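Structure record follows, encoded as structure tokens.
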Amino acid sequence: FQSYETSATAVYSVLVMLAMHPEIQDRVFEEVRSVFPDEVSSVGYDDMKKFPYLDMVIAETLRLAPPIPCIGRQTLNETELRPGVRIPKEMQVVIPIYELHRRKEIWGPEADRFNPDNFLPENIAKRHPCAYMAFSKGPRNCIGFRYAEFTLRVLLITLLRSLKFSTTFKYHDIVFMPKVTLGYEVEPLLSIEVRA
Ligand code: HEM
């Protein structure tokens with residue numbers, strides 16, 4: 001669940017978002033083709049730095065569709081978050097990642113729109129580090145974070161270099177619902193075309 005289900009859901013969601021935003025998919029394809037002009041024979045660790053736009057697309061997908069939409073903690077001590085907001089000792093706290101990722105005070109009036117530019121370095125710098133926590137934060141964050149980032153990129157680079165994804169399903173018709181991980185009420189079907 002922690003490893004396979006989260007990563008598989010994430011890859012599917014990226015493909016859904018790209019199928020619904022063909023101009024963004026074309027930009028990712030151009031980026032991948034510039035690194036692998038003929039075919040993807042193998043992807044090495046050093047290649048990881050060569051796909052800044054794909055990285056933004058993955059982060060934006062995990063913002064809007066975080067595979068783990070909420071997590072829970074229990075306070076060890078009484079904690080004052082800010083003046084007037086006090087959490088007693090041994091209180092169970094739910095951290096609603098899905099809602100946090102769509103708060104308009106943080107992400108702007110178009111918080112629900114799929115916009116990879118949210119993860120341009122200059123835009124990341126403007127936000128609180130905990131505004132985005134698809135992999136949680138702190139000492140008990142995702143232990144497989146780097147591994148997940150690597151597998152997601154290898155899979156997506158390989159798929160997007162040779163295949164084009166499309167769908168008739170519209171972005172605004174997506175209804176998310178909790179399944180094992182964050183799921184779709186109706187999973188958008190994707191058409192797959194082999195690129196010339
Ligand atoms: C896109 C993929 C992934 C996402 C979005 C994700 C997200 C998360 C989140 C939000 C947590 C915190 C859970 C909590 O506090 O209740 C977590 C914990 C964890 N993740 Fe991931 N994860 C992913 C992939 C992976 C992979 C690939 C592995 C292993 C290879 C992994 C192993 C773990 C483990 C063992 C924990 C528990 C860590 C602890 O409690 O100290 N995850 N993950």
Side-chain angles (χ1 to χ4, degrees), residues 1-21 24-25 28 31-32 42-45 47-77 79 81 87 89-103 106-107 111-112 114-116 118-119 124 127-160 165 171 174-185 187-188 190:
F1 157 72
Q2 281 297 152
S3 162
Y4 175 78
E5 174 73 23
T6 47
S7 302
T9 308
V11 170
Y12 172 65
S13 288
V14 171
L15 296 177
V16 167
M17 296 298 166
L18 290 179
M20 290 172 177
H21 299 86
I24 295 177
Q25 184 176 174
V28 174
E31 185 177 72
V32 175
S42 75
V43 186
Y45 196 74
D47 292 322
M48 291 297 105
K49 301 178 208 89
K50 298 176 186 163
F51 303 92
Y53 192 65
L54 174 64
D55 291 352
M56 287 160 59
V57 165
I58 294 173
E60 177 67 348
T61 302
L62 297 180
R63 176 180 78 85
L64 291 164
I68 300 185
C70 72
I71 55 177
R73 293 288 185 269
Q74 181 164 313
T75 50
L76 293 174
N77 301 302
T79 308
L81 287 183
I87 305 179
K89 186 178 176 180
E90 292 177 2
M91 175 71 82
Q92 295 194 346
V93 180
V94 171
I95 302 163
I97 297 173
Y98 180 94
E99 280 78 15
L100 172 73
H101 284 181
R102 288 172 183 254
R103 284 185 69 159
I106 299 173
W107 300 94
D112 290 327
F114 180 73
N115 176 17
N118 279 322
F119 288 89
I124 294 174
R127 289 190 301 265
H128 190 281
C130 291
Y132 171 74
M133 46 192 294
F135 294 92
S136 181
K137 292 281 180 186
R140 294 299 294 272
N141 74 343
C142 178
I143 201 169
F145 168 45
R146 294 278 170 221
Y147 180 77
E149 279 198 330
F150 189 74
T151 49
L152 253 57
R153 283 185 233 163
V154 172
L155 274 166
L156 289 164
I157 288 165
T158 309
L159 290 170
L160 293 165
F165 296 82
Y171 176 71
I174 293 177
V175 177
F176 288 108
M177 60 189 304
K179 294 189 177 169
V180 177
T181 46
L182 186 74
Y184 295 76
E185 188 182 55
E187 285 172 353
L190 304 181

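In each ligand, atom 1 is the first atom listed, and ligand 1 is the first ligand listed. This one's a predicted model, so the numbers in the text were calculated from it and none came from an experiment. What you see below is based on every heavy atom in this structure, not just the backbone, and it leaves out hydrogens, waters and symmetry mates.
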Any protein heavy atom nearer than 4.0 Å to atom 25 (C) of ligand 1: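 Given the 4.0 Å cut-off, atom 25 (C) of ligand 1 counts as touching protein heavy atoms.
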
Among all protein heavy atoms in this structure, tell me which lies nearest to [atom], with the distance rounded to 0.1 Å.
atom                    : answer
atom 41 (O) of ligand 1 : Arg140 NE, 2.6 Å
atom 15 (O) of ligand 1 : Arg73 NH1, 2.7 Å
atom 13 (C) of ligand 1 : Ile71 CG2, 3.7 Å

Met133 touching ligand 1 at heavy-atom level, < 4.0 angstrom: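 It does not, in that no heavy atom of Met133 comes within the 4.0 Å cut-off of ligand 1.
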
Ligand 1 contact by Asn141, heavy-atom criterion under 4.0 angstrom: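 Within the 4.0 Å threshold, so yes.
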
Check ion pair Glu99-Arg103 (N to O, under 4.0 angstrom):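 Not counted as a salt bridge, because no side-chain N and carboxylate O are separated by less than 4.0 Å.
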
Lys/Arg N to Asp/Glu carboxylate O, Asp55 vs Arg153, below 4.0 Å: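 Salt bridge present between Asp55 and Arg153.
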
Short N or O distance, Ser7 and ligand 1, threshold 3.5 Å exclusive: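 Ser7 vs ligand 1: no N/O contact under 3.5 Å.
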
For atom 21 (Fe) of ligand 1, every protein N/O/S atom that sits closer than 2.8 Å, waters excluded: Cys142 SG

Pair Ser13, Tyr184: side-chain N/O donor-acceptor within cut-off below 3.5 Å: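 Judged by distance alone, the side chains do pair up.
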
NZ or CZ of Arg63 within 45° of Phe114 ring axis and under 6.0 Å: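 Negative - Arg63 is either too far from the ring of Phe114 or too far off its axis.
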
